[in-house]
Every structure is written in C-alpha cells, then in structure tokens.
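Since the structure comes first, as structure tokens, the remarks are kept for the end.
By convention in this document, chain letters (A, B, ...) are assigned in the order of the sequence lines, proteins followed by strands, and residues within each chain are numbered from 1. Quick note: numbers below take in every heavy atom, side chains included, and nothing from hydrogens, waters or symmetry partners.
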2 protein chains.
Amino acid sequence: MRYRREEIVAKAVEALDAYGLADLTMRRLGTELGVQPSALYHHFANKQTLLAAMADEILVRASWPTEGDWMDRAGAICLVLRDQLLAYRDGAELVATVHAFGLGATQPVGLLSAALDEGAIGALGPTAVRTLLHFVYGHAVDEQTHLQAAAAGAIDDAATSGDGRDGDDFATGLGIVIAGIQVMRAVSPSR
Amino acid sequence: MRYRREEIVAKAVEALDAYGLADLTMRRLGTELGVQPSALYHHFANKQTLLAAMADEILVRASWPTEGDWMDRAGAICLVLRDQLLAYRDGAELVATVHAFGLGATQPVGLLSAALDEGAIGALGPTAVRTLLHFVYGHAVDEQTHLQAAAAGAIDDAATSGDGRDGDDFATGLGIVIAGIQVMRAVSPSR
DNA sequence: ACCTGAACACCGTTCAAGT
DNA sequence: ACCTGAACACCGTTCAAGT
C-alpha cells in the first residue's frame, strides 16, 4: 500500500480515537496501515511532527463561530474548542501537548487574537488569549481524564458526577476569565 | 546500598533537576543509586507513584504564605507556586501531570480552597480554585518550555524575550483571573 | 516517491531467588 | 526488609536496499 501524508494523518486520528494516545505508537500505526513503521518516516520527520499534524487536523474540522461582538465570539470560540477537544479520545491531551511544544495547534490562538483585537484590548491581548487557552486546555484535559477514568469503571458515576467538572463548571470558569479580561481592559485601556 | 523511600524520592528530585523528566528513567535512577532498576519496585508500585511522591516533595519544600486577606493570600500562593515549579528543571510539567492524573499534588488545592473559603465565595470556590490552578500550571509549563528551549540555544534570547511570557505576563494573567473571581462572587453571592 | 528488513539503543515491569 | 539477575514485551529511529 502506498500512502500520502494526508491519508496517514486521517488514519492516525482514527487510531487515536480507537486506542488512545498511549497506544498510538509508530509501530501500531504502521500495522494499522499495513506498512512497516519505518515507512512513516518517509512522511514525517519524527513522531512529534505527526502528532502536530493530527492536532491541526482535529482543530480544522471544527466549525468556528464568526458572528457576534468580541466577547460573545471569544466565549463561543472557547466553547467550540472544548467540544472539539472532547470529541476525540485523548483529544485534549494531544492538542494541549502539541500547543505547549510549540509545533502547531495555532488556529485557536489566531481566532481568539482576532476576536480580542476587535475588542480594542491593546497590549492585554496576547496575555488574555493565553489565559483563555490555559483555562480551556486545563479544564478539558481534567474533564477528559475523569470521564475516561469513569468509563473505565475505576470510579463509579455517582461519586464523580457531583464534583462539578462538567459543562456548567466549564461555563462558570469561562465566565470568570472573560469577566476578568473585561475588568483589566477597563483598568488599563487600549493604548 | 539499602535505601528508604524518602531517600529515593530525594535522589529522584535531584536527578530530575540534573537530567530532566524525559531522561529520568527507572533504569537511570537505579544507576544513580547504585542499584538495579527492579529494586525501585520494592518502594513504589510503579513509576507514576514515584512521580507523584516527587511532585509532593517539591511542593512541600515551598514556604507557603499565611498572611493577608483572602485575595492577597490567593495571589501570593499562586506566585509562590509558580516560583516553586520553575525552581526545578521540568518541575512545572511534573507537577501538572501528577495533578492531572489525580495521584497527588493536592497541597495547592487545599491552600487555595482555604484562602477562598475565607472570602465567603460559596459554591464558586471549587471552580475558582481549579481556574486559578489551570492558569498557573499552564503558564508555568509554557514558560519553562520556552526558557529551556532558549537555554538549549535553539532560539536566541533576543527573539524570545519580547514575547511576554515572563513574570510580568504571569502577574497580568493572574490579575485577570482574580478580578474575574471577584466579579463572579459579586454576581452570585455566597449561598 | 514510497516501502522493506534489519538493526541500534533503549523502555517499564515482573518474579524467583538471594541476604 | 531490601536487593539481584534475568527475562518479557515492548518503544522511536536510522539506513541501506529495493520497486
């Protein structure tokens, strides 16, 4: 079988969802494609590069909001981002790792920067964007870890459902960060 | 050589600082102690448990603030936490990972919860604590990654020093989150 | 352009046996 | 109580050679 880069990324995302990040090895992906693991290195310099391409693929599949004023849009982008991270097994950990490593996952940064720029937030913008992303990634990784632990049966549903790491909790936390951005914008106005 | 659990944790933290998390293998730690890797499994069920003990050790070494009203104290705790994470090579990644995995690193949660409780913040408390921690861990991991990339010479200092991921940026981001907590506390008062 | 086959230099973990 | 020695079942990556 002969593949192109795009096909390998698609298959890798599929394998991620099926087996999880820990079991997504170059050897396993090779088997999944009916190819030797070494063949993958014709398409990707190393595993990190492949993971970055997977993160970008997952992010590009989301339908990002474009309507609303800057505050509504920033909030909507964060909600869509969270949903997209939770839509794939270990999606939050994958995207957060790639972002931290600085090799990809830049789409949310661009979208949020554009939204906040319309808010004439000035020098606060980059810090505000990073603060939003730290919240979204941190919360999504937390939530996904606990959802998967519960699904594995290690923790029973009754014990975990009450600790608030759910959609309401996400909305509340997001509200805290956005309210904080508004306050700091008022304190040190743009320019 | 015969060791007790405490001595192994201390040596492991030392090895972390010297070689980094990626090179802290059970085999390498065994060598460092003059012991077979399998000997470590007499003291720790697995590597995750050892990493959790290391995270707790790093956190317990900090001198945590106890003075001031709830807001000042919450802010001071976050500043001390950040400093402590940056004080050890890969300290931020280690503690963030252990915390996400749910096997330790609970001290900051307890300290922040206690501080916010004095603020009579009610049902918002747990969400506020998690939002603060997502910010601190996310920011510290980011900063440490970039500091170490710069130290490795991959990026020159001039290019990185201007991107704002420094102490001022941390203070600004922390200001956003704390201001947000104040606002949301006012909106939905305790109880 | 894309893949095979074989190797290199590693991992975490288990377990019987030793002192 | 703590450690050794040997094994098991893996990793990511490289590289000459094939088509």
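Rounded to an integer number of Å, the gap from CG of B/L40 to P of C/dT14 is 13 Å. For the pair B/R28 CZ and C/dC11 P, the computed distance is 8 Å after rounding to whole Å. Atom P of nucleotide C/dG12 and atom CZ of B/F44 are separated by 14 Å, given to the nearest angstrom. Regarding B/H42, its NE2 atom lies at a distance of 15 Å from the P atom of C/dT14, rounded to whole Å. In this structure, the CG atom of A/L33 is 14 Å from the P atom of C/dC2, given to the nearest Å. Distance A/N46 CG to D/dG12 C1': 10 Å, rounded to the nearest Å. We find that OH of A/Y41 is positioned 18 Å from P of C/dG5, with the value rounded to whole Å. What separates CG of B/D23 from C1' of C/dC11 is a distance of 12 Å, to the nearest Å.
Aromatic ring orientation, B/H99 versus B/Y137: tilted (interplanar angle from 30° to 60°).
Put simply, the side chain of A/L112 reaches to within 4.5 Å of the side chain of A/L133, judged on heavy atoms.
With P as the reference atom, C/dA9 and D/dC10 are 22 Å apart, rounded to whole Å.
Dashed line: the shortest gap from a side-chain N or O of A/H43 to OP1 or OP2 of C/dC3 is under 4.0 Å.
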Enumerate all atom pairs, one protein N or O and one N or O from nucleotides 6-8 of chain C, separated by less than 3.5 Å.
none

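A cation-pi arrangement is not found for B/R89 relative to B/Y19, the charged atom failing to lie both closer than 6.0 Å to the ring centre and inside a 45° cone about the ring normal.
Taking both residues in full, the closest heavy atoms of B/L40 and B/G30 are given as CD1-N, 4.1 Å, listed atom of the first, atom of the second, then distance.
Of all nucleotides listed (D/dC3, C/dT13, C/dC3), C/dT13 comes nearest to the side chain of B/P37. For B/A39, whose side chain is taken as the heavy atoms from C-beta onward, the closest listed nucleotide among D/dC3, C/dG12, D/dG12 is D/dC3. For B/K47, the side-chain atoms get nearest to C/dG12 when compared with the rest of D/dG12, C/dG12, D/dT4.
Between the OG1 atom of B/T131 and the CD1 atom of B/I181 there is a distance of 6.5 Å, given to the nearest 0.5 Å. Taking CG of A/L124 as the reference point, atom CE of A/M184 lies at 6.5 Å (rounded to 0.5 Å). A distance of 11.5 Å separates CG in A/L50 from CD in A/E57, rounded to the nearest 0.5 Å.
One N or O on the side chain of A/W64 and one on the backbone of A/L59 form a donor-acceptor pair closer than 3.5 Å. Within the 3.5 Å criterion, the main-chain N or O of A/D69 finds no donor-acceptor partner in the side chain of A/E118.
DNA chain C lies under 4.0 Å from at least one heavy atom of each of the following residues of residues 2-14 of chain A: A/R2, A/Y3, A/R4.
Enclosure of atom CZ in A/F101 is not indicated, since only 12 or fewer non-hydrogen atoms of other residues, nucleotides or ligands lie within 6.0 angstrom. More than 12 heavy atoms of other residues, nucleotides or ligands sit less than 6.0 Å from atom CD of B/Q48.
Classification of B/E7 and B/K11 as a salt-bridged pair fails, no side-chain N sitting under 4.0 Å from a carboxylate O.
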Task: Dot-bracket line, read 5' to 3' along DNA chain C, where crossing pairs take [ ] and | marks a partner on another strand, Watson-Crick or G-U under 3.5 Å - done: ||.|||||...|||||.||

